[in-house]
Amino acid sequence: MQIQLLIRKIFVIIALVILVGCDKQIVHDLSESEANRLLSRLHNEGIESDKTKQADGKWALSVSSNNALRALEVLNSSRLLRDETN
């Protein structure tokens, strides 16, 4: 009985670690220079991010799920995100 409980706890811990480490794409359809500029800004704020090339040749930025909101706030307050409505 205690072994089953221990196994369940280990499973939950592993699941949480996997979920916390998941990357979330926050911006896409960027030129490489735009992606580099945003990547640099996030790095300066201490937010780890990655850029990936999309199938269409444009670029996307991803951050860990727990940093997604902060990353978007940083980019928005820096006025580095394009306004699609203009």
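Quick note: residue numbers are just sequence positions, from 1.
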As an exercise, state the distance from CG of Leu38 to OG of Ser49, rounded to the nearest 0.5 Å. 8.5 Å
Does a side-chain heavy-atom distance below 4.5 Å link Thr52 with Asp23? no
Heavy-atom side-chain proximity of Leu75 to Arg41 below 4.5 angstrom: yes
What salt bridge (charged side-chain N to carboxylate O under 4.0 Å, His left out) pairs are there with at least one residue in residues 49-64, not counting sequence neighbours? Glu32-Lys51
From Arg70 CZ over to Leu42 CG, what is the distance, rounded to the nearest 0.5 angstrom? 9.0 Å
About how many Å separate CG of Leu72 and OG of Ser77, when rounded to the nearest 0.5 Å? 10.5 Å
Output for pair (Leu69 CG, Asn76 CG), nearest 0.5 Å, gives 10.5 Å
Separation between OG (Ser62) and CG (Asn67), nearest 0.5 Å, reads 12.0 Å
Just how far is it from atom CH2 of Trp59 to atom CG of Leu39, taken to the nearest 0.5 Å? 10.5 Å
For Ala68 and Ile26, work out which heavy atoms get closest and say how close. CB-CG2, 4.0 Å
Hey, is the main chain of Ala71 close enough, under 3.5 Å, to the side chain of Glu45 for a donor-acceptor pair? no
Does CD in Glu48 sit with more than 12 non-hydrogen atoms of other residues, nucleotides or ligands closer than 6.0 Å? no
